[in-house]
Amino acid sequence: MHLTMFTDFALRTLMRLAGEPARSFATAEIAAEFGISRNHLAKVVRDLAGGGFITTQRGIGGGFVLARPAQSITLGQVVRALEREALVECFRADGGCCQLTTRCRLKAKLAAAREAFLRELDTTTLDECAYPAPTPEFAEAT
């Protein structure tokens with residue numbers, strides 16, 4: 001299974017928040033730290049907030065934090081919430097236009113593989129993947 005860059009950025013962001021759960025972060029700060037587009041990250045933050053993973057505060061002193069403890073968020077929950085692209089065409093909501101659909105033996109195997117992948121991610125919490133703050137000596141070297 002291939003995760004989109006969107007989900008990758010979301011996981012990195014959540015891992016960073018889990019590394020300092022009491023701290024509020026700004027989009028520009030996370031974007032700069034990970035070298036990703038601020039505009040793209042703003043969309044990620046919007047979807048993470050919509051999914052109930054983070055809470056946001058606008059204005060001076062604003063930013064975003066985890067909406068609940070990192071140990072209560074699994075990677076599987078995040079991936080399910082953000083991965084909207086069908087694994088293969090016949091998994092699309094409209095069924096796609098695959099000519100094999102009526103007698104296909106592959107779809108069930110792919111569905112089982114996808115579920116096994118997500119079940120594995122369900123066994124790992126965000127807390128286990130927390131990304132700590134850069135150490136001062138590392139920050140000075142970059």
Side-chain angles (χ1 to χ4, degrees), residues 1-98 100-102 104-142:
M1 185 163 179
H2 179 273
L3 297 179
T4 61
M5 281 184 14
F6 191 88
T7 301
D8 177 34
F9 292 168
L11 288 169
R12 287 194 235 175
T13 299
L14 291 171
M15 289 165 47
R16 185 63 181 92
L17 296 178
E20 291 185 83
R23 187 169 162 233
S24 181
F25 287 84
T27 303
E29 177 184 6
I30 298 283
E33 185 173 337
F34 292 141
I36 57 181
S37 160
R38 185 174 178 266
N39 289 335
H40 197 97
L41 188 60
K43 294 174 188 172
V44 168
V45 166
R46 180 197 65 220
D47 280 17
L48 287 173
F53 298 107
I54 64 173
T55 57
T56 61
Q57 174 89 25
R58 290 184 177 241
I60 296 177
F64 50 93
V65 297
L66 290 176
R68 56 188 195 265
Q71 58 268 28
S72 73
I73 301 171
T74 70
L75 301 183
Q77 291 169 335
V78 177
V79 170
R80 278 185 186 89
L82 299 178
E83 282 296 315
R84 295 181 185 103
E85 291 186 30
L87 183 59
V88 289
E89 181 179 3
C90 60
F91 283 19
R92 290 187 349 209
D94 66 3
C97 61
C98 178
L100 303 177
T101 300
T102 57
C104 183
R105 295 180 178 168
L106 180 60
K107 185 175 182 177
K109 296 293 183 183
L110 291 175
R114 179 189 60 195
E115 288 310 309
F117 175 79
L118 292 170
R119 267 194 317 275
E120 181 61 29
L121 292 178
D122 286 336
T123 68
T124 304
T125 65
L126 190 54
D127 187 52
E128 295 173 66
C129 299
Y131 185 80
T135 59
E137 58 272 4
F138 177 76
E140 291 171 11
T142 57

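Residue indices begin at 1 and follow the sequence shown.
Contact annotation: the side chain of Ile73 approaches that of Gln77 to within less than 4.5 Å [non-hydrogen atoms, C-beta and beyond]. Within the 4.5 Å cutoff, the side chain of Val78 has no heavy atoms near those of the Leu121 side chain. Taking the side chain as every heavy atom from C-beta outward, Asp127 and Pro69 never approach each other to under 4.5 Å.
Taking the side chain to side chain donor-acceptor pair (under 3.5 Å) definition, one finds that Thr125 meets it with Glu128, sequence neighbours left out. Under the side-chain contact (heavy atoms from CB on, under 4.5 Å) criterion, Asp8 pairs with Arg12, not counting sequence neighbours. Partners of Gln71 by side chain to side chain donor-acceptor pair (under 3.5 Å), not counting sequence neighbours: none found.
With rounding to the nearest 0.5 angstrom, the CG atom of Leu118 is 4.5 Å from the CZ atom of Arg80. Once rounded to the nearest 0.5 Å, the distance linking NZ of Lys43 with OG1 of Thr27 reads 13.0 Å. Rounding to the nearest 0.5 Å places CG of Leu11 at 7.0 Å from CG of Leu3. Summarising the geometry, atom CG belonging to Leu17 is positioned 13.0 Å from atom OH belonging to Tyr131; distances are rounded to the nearest 0.5 Å.
Under the 6.0 Å distance and 45° angle rule, Arg119 does not count as a cation-pi partner of Phe117.
Pairs engaging residues 61-79 under the salt bridge (charged side-chain N to carboxylate O under 4.0 Å, His left out) rule: none recorded [sequence neighbours left out].
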Side-chain donor-acceptor pairs of residues 30-41 under 3.5 Å, sequence neighbours excluded:
from, atom 1, to, atom 2, distance (Å)
Glu33, OE1, Arg16, NE, 3.0
Glu33, OE2, Arg16, NE, 2.9
Ser37, OG, Asn39, N, 3.3
Ser37, OG, His40, N, 3.1

Validation: residues 46-67 side-chain donor-acceptor distances under 3.5 Å, sequence neighbours left out:
from, atom 1, to, atom 2, distance (Å)
Asp47, OD2, Arg84, NH1, 3.1
Asp47, OD2, Arg84, NH2, 3.2

Open item on the list: Is there a side-chain contact (heavy atoms from CB on, under 4.5 Å) between Glu83 and Phe6? Walk through the geometry before answering.
Closed with: CA-CA 8 Å; Glu83 282 296 315; Phe6 191 88; over 6 Å; no

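Partner of Val79 under the side-chain contact (heavy atoms from CB on, under 4.5 Å) criterion, chosen from Asp122, Thr7, Thr4: Thr7.
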